[in-house]
Protein chains: 2
Amino acid sequence: MNTQDQRTREIRAQAKLGSDHSAMRARNERLVLTLIRRRGALPKSEIARLTGLSAQTVSVIMRELEADGLLVKCAPVRGKVGQPSVPMDLAADGALFFGLKVGRRRTEMVLIDFAGEVRARAAVRHDHPTPDATLRFAQDTITTMSATLTATERDRICGLGIGLPFQLWDWAEALRVPEDTMRPWRSRDIRSELAATLPWPVLMENDASAACNAELIFGDGTLPQNFLYAFVGFFIGGGLVLNGTMFAGAHGNAGALASMPVPDGRGGSRQLVEIASLHHLEERLRATGGDGRFLWESVEGWDIAPEIIDPWIAEAARGLAHVTASAVALCDLDALVVDGWLPTPLRDRLCVETAAELARINLSGIAPPEIIAGQAGPEAREFGAASLPLSARFLLELGSLPNDTPHPGEA
Amino acid sequence: MNTQDQRTREIRAQAKLGSDHSAMRARNERLVLTLIRRRGALPKSEIARLTGLSAQTVSVIMRELEADGLLVKCAPVRGKVGQPSVPMDLAADGALFFGLKVGRRRTEMVLIDFAGEVRARAAVRHDHPTPDATLRFAQDTITTMSATLTATERDRICGLGIGLPFQLWDWAEALRVPEDTMRPWRSRDIRSELAATLPWPVLMENDASAACNAELIFGDGTLPQNFLYAFVGFFIGGGLVLNGTMFAGAHGNAGALASMPVPDGRGGSRQLVEIASLHHLEERLRATGGDGRFLWESVEGWDIAPEIIDPWIAEAARGLAHVTASAVALCDLDALVVDGWLPTPLRDRLCVETAAELARINLSGIAPPEIIAGQAGPEAREFGAASLPLSARFLLELGSLPNDTPHPGEA
DNA sequence: AATAATTAATTCATGTTTATTTATTTATTG
DNA sequence: CAATAAATAAATAAACATGAATTAATTATT
């Protein structure tokens, strides 16, 4: 196999239901990459032990991944008896991914590498997002960013991920723009439209699910196998991680926290989005004669009076706790991961108060979940968007690893 | 390969993370069996088309499965140009499975065959279940039932599945037995204890999840890919089907509907089990001076005054609707499947009223789910228990098939 | 300090399993 | 009898396993 062939080799996608040799190899290649992404640099011998594959097979696979530019040798590890082991790590230059996040005030594009580092950023501001402006921005930015890359790097681009807020067409009222301004989002399929003009795969999820994927792939590996992820933005969205893998749902809408019913404290119920969202916070600011537009400008330096922010946090925490209790009972989750377009201290207060509210709910029969602050922070959505093609092409949906404890009841 | 080898051949389980040739073959064999179970008898040529495998490969695999006694030829189908196709169906005699269900008043065992038909039944009555009596009953019944089988049939036994109610050790109060009567259930692991004395795998799930598995495997294939299953018994339990597969959760407790919070109508929340369970119905009967013990004797001929049953259904439906709304938003589900230890008319009323209550909840942002009555009925739990080793050994966790529509957002 | 024994990582050559490809046979329709 | 589809046989190819050889360390001994 010559170098050219190796460069253009791909981790094959599985289209057929049946397995053949190339599906087997593709699976094993993804397995190696997934293990290294989760556990850090590993020598061939360790991969052989973890996978149960023969040393020879692992040797062949990893040499090929190295030749493909997806893995690099690290410094040999000495100090143990025997030949030193040569850990191999992900090659940052191995692949590039575009991530597009459509937001309330800004639409953003990032270009990340195989290691998850940002190579380029761009953003455009607007009063409200429109499909046409979004398409134009995406195409222009991809052209501009591509122009700064070498030919080799351009060949390494593996796809575009889009994080689009859920049900954008219903936002008109909340954004205070005319009723039909947002309607085009309903009928347009910007994923297909972009895919038609681009040479690589284009994937789309709702923005919070994308953020969740970032947490999962670029997180430090201490996350549990099953958790609910909540991202507080203009509205609130989420993602569901089951068996260590994002679960998208039949229509790609899993984790739609916004629509989950919570008790309204007066005997009825309302939706979580009505209380746990920045939109609601902005309404509270307006209601006292203030102006909430600063919320969208930066995620730092928010100066909000306690009379406003305290009850908002309290209500949001109560709603989030209710939703978490439901989710934990339903999906046997270990944790809630909270993140958002929020200053870190605010996010951390939300975590603490949610934990406190959770303690007030009758959890008999279920193990109380951990409440964990997200690692990706306010940028999780754009990172996450870019991570979609990465996981689609290079990773394996993998449950617990040998180290972790499987659930009882298996033979 | 001689006949003896073929008889003892097994659909190999995947223990290692890496794929080798036997894993590939095992996957393809399970794929064939799963397709035939879902779609009914299929000729080799159709399997080749569905799987994308070559005709030759399918020919080899299916002849082997036939030799193993897992598939049988049906009558050739003539009337089309070309050689007649010979559909192949599951061989009922191909495998046998024990299912043990531990219940409030009765513990039951069934022996089912590969087609899901009951070959034998046994039950024992008690005031409350104990681990020791359960173990003894299971072992004795397995011995007795095995004695009625031929040697060949005995060799075909592939495992035991146990459906155990969730958190049995907390039942003492509800069962009106002394506090510590149920405590042994907490520390005993009857799965391991039985597994130690039996030559085949022993699997355990909570009884409602088991029932859900029965619905999934023996249902008529019209179920959607993602649904919530609710089984109303002494308490209430459930199962979650995602991507066409039961999701058990890290601790095997997914679908714990009982513990899900629902608004109590007075501004607070309580757990679903407090309103949607036969235990609650029994309490209502007692409260009016009645006796609810008939509930556990038979699932027919319940004669309950409207003043009792109507509000029970109304409350249960409201709770179930709230829980369903949460689940649909969270997991992007298509349906709620309702079943239980209930007379059919009662179960159907529960379906109708739940649908009505669901219509009163603000579902904006989510597609309203179908409410479907279960097909397996009151016996779902014991069937489901027996179906656990069947799916573990012979089926593939398979998402949507070519016919079904995948979710948008894929490249 | 020099040397031998041991160990572990890696790779080479060869063998095995399983799927694919191509050609052939068989049964049926028109 | 020609056309067609199903099913199978033989030959080929892909990918993993096995066992031996190679390499480079550490550890024990002299």
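Every value quoted in this text rests on a predicted model; they were computed, and no experiment measured them.
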- request: Could you tell me whether the phosphate oxygens of dA15(D), OP1 or OP2, come under 4.0 Å of any side-chain nitrogen or oxygen in N28(A)?
  value: no
- prompt: With respect to the phosphate group of dA19(C), does any side-chain polar atom (N or O) of T57(B) fall under 4.0 Å of OP1 or OP2?
  reply: no
message: It should be established whether R78(A) places a side-chain nitrogen or oxygen under 4.0 Å from OP1 or OP2 of nucleotide dA25(D).
response: yes
query: Within the structure, does a side-chain N or O atom of K16(A) lie under 4.0 Å from either OP1 or OP2 of dA19(C)?
result: no
task: Specify the separation, in whole Å, of atom CG of D20(B) and atom C1' of dA19(C).
output: 14 Å
query: For every nucleotide of nucleotides 1-12 of chain C, 5' to 3': is a protein heavy atom under 4.0 Å from its base (B), only from its sugar-phosphate (S), or from neither (-)?
result: ------BBBSBB
message: Whole angstroms only, please: what is the CD1-P distance between I61(B) and dT8(D)?
response: 13 Å
- prompt: Would you say the side chain of H21(A) and the base of dA19(C) hold a donor-acceptor pair, judged only by whether the two atoms sit under 3.5 Å apart?
  reply: no
Result block: side-chain N/O donor-acceptor pairs under 3.5 angstrom for residues 53-60 of chain A, not counting sequence neighbours:
residue	atom	partner	partner atom	Å
S54(A)	OG	T57(A)	N	3.2
S54(A)	OG	T57(A)	OG1	2.9
S59(A)	OG	R63(A)	NH2	3.3

field: Contacts of F114(A) that satisfy ring pair (Phe, Tyr, Trp, His ring centres under 6.0 Å) - sequence neighbours left out
entry: F394(A)
message: If I take atom CD in residue E64(A) and atom P in nucleotide dA14(D), what distance separates them, rounded to the nearest angstrom?
response: 12 Å
message: Distance check needed: dA19(C) P versus I47(B) CD1, whole Å only.
response: 14 Å
statement: Nearest heavy-atom contact between L203(A) and A392(A) is CD1-CB, 3.4 Å
field: Integer-rounded Å distance: dT20(C) C1' and M24(B) CE
entry: 11 Å
message: For a quick test of reading the model: is some side-chain N or O of R25(B) closer than 4.0 Å to OP1 or OP2 of dT17(C)?
response: no
message: Per the salt bridge (Lys or Arg N to Asp or Glu O under 4.0 Å) rule, what does the pair list look like for residues 213-222 of chain A, sequence neighbours excluded?
response: none
- request: Specify the separation, in whole Å, of atom CD of E29(B) and atom C1' of dT17(C).
  value: 13 Å
- prompt: Got a sec, which pairs hit salt bridge (Lys or Arg N to Asp or Glu O under 4.0 Å) with one end in residues 72-81 of chain A, sequence neighbours left out?
  reply: E66(A)-K73(A)
- prompt: Rounding to a whole Å, what distance do you find between L17(B):CG and dC16(D):P?
  reply: 15 Å
- prompt: Sequence neighbours excluded, which residues qualify as salt bridge (Lys or Arg N to Asp or Glu O under 4.0 Å) partners of R37(B)?
  reply: none
query: Is it true that the side chains of T245(A) and N243(A) contain a donor and an acceptor less than 3.5 Å apart?
result: no
